[in-house]
Amino acid sequence: RYQKQSHGVKFETYRYTLYMGSSYISRQVGYDKTVVLDGSLSLTSTLIDGDVNFAKGTGMPNNKGFVTLTHATGDNKQILINEIGRIESN
């Protein structure tokens, strides 16, 4: 609940960005934390626009789905963000 704001994560192929605001488009850019993945890693997502936002106070996500982290060898790890905001992985 930093700054009493909603927060989210935007997933892109070779990076992800933690942001503050009610959506990635309307975020407060000065608070972004972008992590660039190692060249042997990539991300794919079933999330709409690769974005999930967690509501201020409740942490409820506006989106649910899978994020898959894949290594160049073909190994992968799936992360599920469910409808109550619980994060699970295989």
*asked:* Please identify which of these residues, N82, I79, V67, meets the side-chain contact (heavy atoms from CB on, under 4.5 Å) condition with I87.
replied: I79
*Mind checking what makes salt bridge (Lys or Arg N to Asp or Glu O under 4.0 Å) contact with K77, not counting sequence neighbours?*
none
*Taking the side chain as every heavy atom from C-beta outward, state whether L47 and F11 have any atom pair closer than 4.5 Å.*
yes
_Single-linkage hydrophobic cluster, 4.5 Å side-chain cutoff, L18 and I81 together_ = yes
_Could you report the tightest heavy-atom contact between N63 and I48, atom names first, then the distance?_
ND2-N, 3.0 Å
*At their closest point, which heavy atom of G85 faces which heavy atom of P61, and how far apart are they?*
N-CD, 3.3 Å
*Could you grab the distance from atom OG1 of T73 to atom CG of L41, nearest 0.5 Å is fine?*
9.0 Å
*side chain to side chain donor-acceptor pair (under 3.5 Å), paired with Y19, selected from T34, D51, D32*: D51
*Please check if the side chain of N53 supplies one atom and the backbone of G21 the other of a donor-acceptor pair under 3.5 Å.*
yes
*How far apart are the closest heavy atoms of M20 and H7, and which atoms are they?*
CG-NE2, 3.6 Å
*What is the distance from atom CD of Q28 to atom CD of Q5, rounded to the nearest 0.5 Å?*
5.0 Å
*With rounding to the nearest 0.5 Å, note down the distance linking CD in E12 to OG1 in T44.*
13.5 Å
_More than 12 heavy atoms from other groups under 6.0 Å of OH on Y16_ = no
_Please tell me whether V29 and I25 are part of a single hydrophobic cluster in this structure, the criterion being side-chain heavy atoms less than 4.5 Å apart._
no
*To the nearest 0.5 Å, what is the distance between CG (N76) and OG1 (T68)?*
6.0 Å
*Mind checking whether L69 and L43 have side chains closer than 4.5 Å, heavy atoms only?*
yes
*Using the side-chain contact (heavy atoms from CB on, under 4.5 Å) rule, take V52 and N62 through it: C-alpha gap first, then chi angles, then the decisive distance, then the call.*
CA-CA 6 Å; V52 62; N62 68 338; 4.0 Å; yes
_Distance check, rounded to the nearest 0.5 Å: S22 atom OG versus R27 atom CZ?_
12.0 Å
*Is a donor on one side and an acceptor on the other found under 3.5 Å between the side chain of S40 and the backbone of H71?*
no
*Spatial distance of atom CG (L80) from atom NZ (K64) [nearest 0.5 Å]*: 9.0 Å
*asked:* If I compare all heavy atoms of M60 with all of E83, which pair ends up nearest, and what's the gap?
replied: CE-O, 3.5 Å
*Considering all heavy atoms of both residues, which atom of Y14 and which atom of S42 are nearest to each other, and what is their separation?*
CE2-CB, 3.9 Å
